[in-house]
Amino acid sequence: MSTQILMPALSPTMEEGKLARWLVKEGDQVRSGDVLAEIETDKATMEYEAVDEGRIEKLLVPEGAEGIKVNQPIALLLGEDDEASAPPAAQQAPVAKAGGGGSRNGGPRPPDAQHSGDDIASAMSSIREALAPHALPDRGESEDERIFASPLARRLAQNKGIELRAIKGSGPRGRIVKADVEAARTGAPPLKPAEAVPAKSVADTPVPPAAAAGMAPLADARLFYKAEDFDEIPHDAMRKSIARRLLSAKTLVPHYYLTVDCRIDELLAARARLNAASPKGEGSYKLSVNDFIVKASALALLRVPEVNASWTDTAMLRHHHADVGVAVALDFGLITPIVFRAEEKGLVAISNEVKELAGRARTKKLKPREYEGGSFAISNLGMFGIREFTAIINPPHAAILAVGAGEERAIARNGKVETASVMTVTMSCDHRVIDGATGARFLGFFRQYVEDPAAMLL
């Protein structure tokens, strides 16, 4: 009997994706670990590896198909001892494709493919039965004794005299695969396949409907304009994700804001000296003001650990390290890759890492673990000449620092007016986690490190 290959959840927050490219074709033999396809999520394009061995019987989803829900069948895999079988109705359900309509190939449906209401209801009933959790292959066991395992895993367990009932499967829906049997034989924990992702994280806060957020639904903007007066650009997956997450954050997280001005004359001088001392060729570097800000934020988080925290409904998560996200503007949206353990890294290491992460973000090559999680974030618009602004917190963080441009300003000092390079920063705080005085203490340490960079060495 055929085994379904399901759309994987490549990150804790993924709900649907796009099948960008098949790397196998029908009839191909595959082994565990072979790359089957490239899956595009809202922020990255990732390779999807096979969990079991066998032959690709049928590809159920065409290349370029969008909106494929997690755990939806995308292909059928035939084991060595299995015979080809027609896919059930659930596997033949149509998949939305960009620019397509009607049939799988985008053309109109033939007359004999149109169904009455009774036919559709009957088909939906068949689909529900096929997708029911108990609808597993019947291999002669009773309902209580039924074991969900791949053919290869069954043969391997039989040859090695291993009892399948004693093995916990790591495959889709708890399915026992080859790696589980080998791990049971060696005593080592099996590697989790791509589908075996953790439960949704704290960051995956559901978006409430307008009524639940205390707002009236907004009218569709298209009602106010003539069709010839605008171009309609469909939302891509990243823009939908940004809208969903930021609406959730802004309506569910109680923001408040703290603003301070920082003199950065010493920072600019230190940056100039360090860049002038950069070696030529290999090992060269060019530090930015933002690199100093990342380091100063990380050290301030250690001084005020109450800010280095995340909210959950049952407890506060106090993080052990300063994992600082840096917002990167892309042509198609926004992403916040993370500099992990920033408190342990020097300025050159931070600079190189941010540049490398930003480069891969622009080509959608980041892995989910490189932009999900973290404990704090920085959004810097100073390079665009923005003097000051406020940013929306990116859950599960409890704060985000909005950094404006460093500019010459007139300031009063010791009864005299003089000029200085001043940078305005505004911290958005989650009031459930950070009290006002706590946020103020954090900004005090941050300003100390920025105004006297040598203090970062203490």
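None of these values were measured; they are calculated from a predicted model.
Considering CD1 of Ile264 and CD of Glu407, their distance stands at 9.5 Å, rounded to 0.5 Å. Between the CG atom of Asn394 and the CG atom of Leu246 there is a distance of 7.5 Å, given to the nearest 0.5 Å. Rounded to the nearest 0.5 angstrom, Leu317 CG and Ser375 OG are separated by 11.0 Å. Annotation: the span from Lys240 atom NZ to Glu15 atom CD amounts to 11.5 Å, rounded to 0.5 Å. From Glu344, atom CD reaches atom CG of Leu302 across 9.0 Å, with rounding to the nearest 0.5 Å. Here Tyr257 contributes atom OH and Thr426 contributes atom OG1; the two are 10.0 Å apart, rounded to the nearest 0.5 Å.
A donor-acceptor pair under 3.5 Å links the side-chain atoms of Tyr256 to the main chain of Ile434, judged by distance alone. Under a 3.5 Å cut-off, the side chain of Ser428 and the backbone N or O of Ala391 do form a donor-acceptor pair. In terms of modelled atom types and a separation under 3.5 Å, the side chain of Asn414 and the main chain of Lys416 share no donor-acceptor contact. In this structure a side-chain-to-backbone donor-acceptor pair under 3.5 Å is missing from Lys18 to Ile68. Judged by distance alone, with hydrogens and angles left aside, the side-chain atoms of Asp435 form no donor-acceptor pair with the main-chain N or O of Ala437 at under 3.5 Å. Listed for the Asn308 side chain is a donor-acceptor partner under 3.5 Å among the backbone atoms of His319. Between the Tyr285 side chain and the Leu274 main chain, a donor and an acceptor come within less than 3.5 Å of each other.
Residue Arg31 comes nearest to Ala50 through the heavy atom pair O-CB, 3.6 Å, listed as atom of the first residue, atom of the second, then distance. Contact record, Val328 with Arg362: CG1-NH2, 4.0 Å, taken as the closest heavy-atom pair. Taking all atoms of both residues into account, the shortest heavy-atom contact from Val304 to Phe445 is CG2-CD1, 3.6 Å. The two residues Ser297 and Leu401 come nearest to each other via the heavy atoms OG-CD2, 4.0 Å. Here the closest heavy-atom approach between residue Glu370 and residue Leu357 is recorded as OE2-CD2, 4.1 Å. The two residues Arg303 and Tyr449 come nearest to each other via the heavy atoms NH1-OH, 3.1 Å.
Salt-bridge formation is not detected for the pair Arg263/Glu451: no Lys NZ or Arg NE/NH1/NH2 atom is positioned less than 4.0 Å from an Asp or Glu carboxylate oxygen. Using a 4.0 Å cut-off between a side-chain N of Lys or Arg and a carboxylate O of Asp or Glu, Lys25 and Asp28 qualify as a salt bridge. Under a 4.0 Å N-O distance rule, the pair Glu232/Arg222 qualifies as a salt bridge. Salt bridge status for Lys355 with Glu353: absent, with no side-chain N to carboxylate O gap under 4.0 Å.
Under the side chain to side chain contact (heavy atoms under 4.5 Å, CB included) rule, Met423 has a single partner from Ile293, Leu268, Leu267, which is Ile293. For the side chain to side chain contact (heavy atoms under 4.5 Å, CB included) with Glu388, the qualifying choice from Val425, Asp261, Thr424, Val403 is Thr424, the only one to do so. The one candidate from Leu60, Ile56, Ile5, Thr3 that meets the side chain to side chain contact (heavy atoms under 4.5 Å, CB included) condition with Leu76 is Leu60. In summary, of the residues considered (Glu306, Met316, Arg318), a side chain to side chain contact (heavy atoms under 4.5 Å, CB included) with Val433 occurs for Met316 alone.
Put simply, the side chain of Ile74 reaches to within 4.5 Å of the side chain of Trp22, judged on heavy atoms. With a 4.5 Å cut-off on side-chain heavy atoms, Arg271 and Phe292 count as touching. Proximity of Pro453 to Glu266: side-chain heavy atoms (C-beta onward) are separated by under 4.5 Å at one or more points. Glu57 is not listed as a side-chain neighbour of Leu77, based on a closest heavy-atom distance of 4.5 Å or more. With contacts defined as side-chain heavy-atom distances shorter than 4.5 Å, the pair Ile392/His255 qualifies. A 4.5 Å side-chain heavy-atom check between Gln72 and Leu6 finds every atom pair outside the cut-off. In this structure, the side chains of Pro8 and Val70 stay at 4.5 Å or more apart for every pair of heavy atoms. Trp311 is not listed as a side-chain neighbour of Pro395, based on a closest heavy-atom distance of 4.5 Å or more.
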Side chain to side chain contact (heavy atoms under 4.5 Å, CB included), that's the test. Do Leu299 and Lys295 meet it? Break it down for me.
CA-CA 6 Å; Leu299 295 178; Lys295 182 66 175 180; 4.1 Å; yes
Does the side chain to side chain contact (heavy atoms under 4.5 Å, CB included) test come out yes or no for Leu19 and Met7, once each step is laid out?
CA-CA 9 Å; Leu19 203 153; Met7 183 66 170; 5.6 Å; no
Could you go step by step and tell me if Asn275 and Ser278 meet the side-chain hydrogen bond (donor to acceptor under 3.5 Å, both in side chains) rule?
CA-CA 5 Å; Asn275 284 341; Ser278 172; over 6 Å; no
Applying side chain to side chain contact (heavy atoms under 4.5 Å, CB included) to Tyr371 and Thr336, what does each step give before you reach the verdict?
CA-CA 6 Å; Tyr371 59 81; Thr336 309; 5.8 Å; no
Side chain to side chain contact (heavy atoms under 4.5 Å, CB included) evaluation trace for Val326 with Asn290
CA-CA 9 Å; Val326 180; Asn290 206 56; 3.6 Å; yes
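Classified by interplanar angle (parallel below 30°, tilted 30° to 60°, perpendicular above 60°), the ring pair Phe442/Phe446 is parallel.
The number of heavy atoms from other shown groups lying within 6.0 Å of CD (Glu228) is above 12.
For Phe376 and His397, the distance between ring centers is not under 6.0 angstrom.
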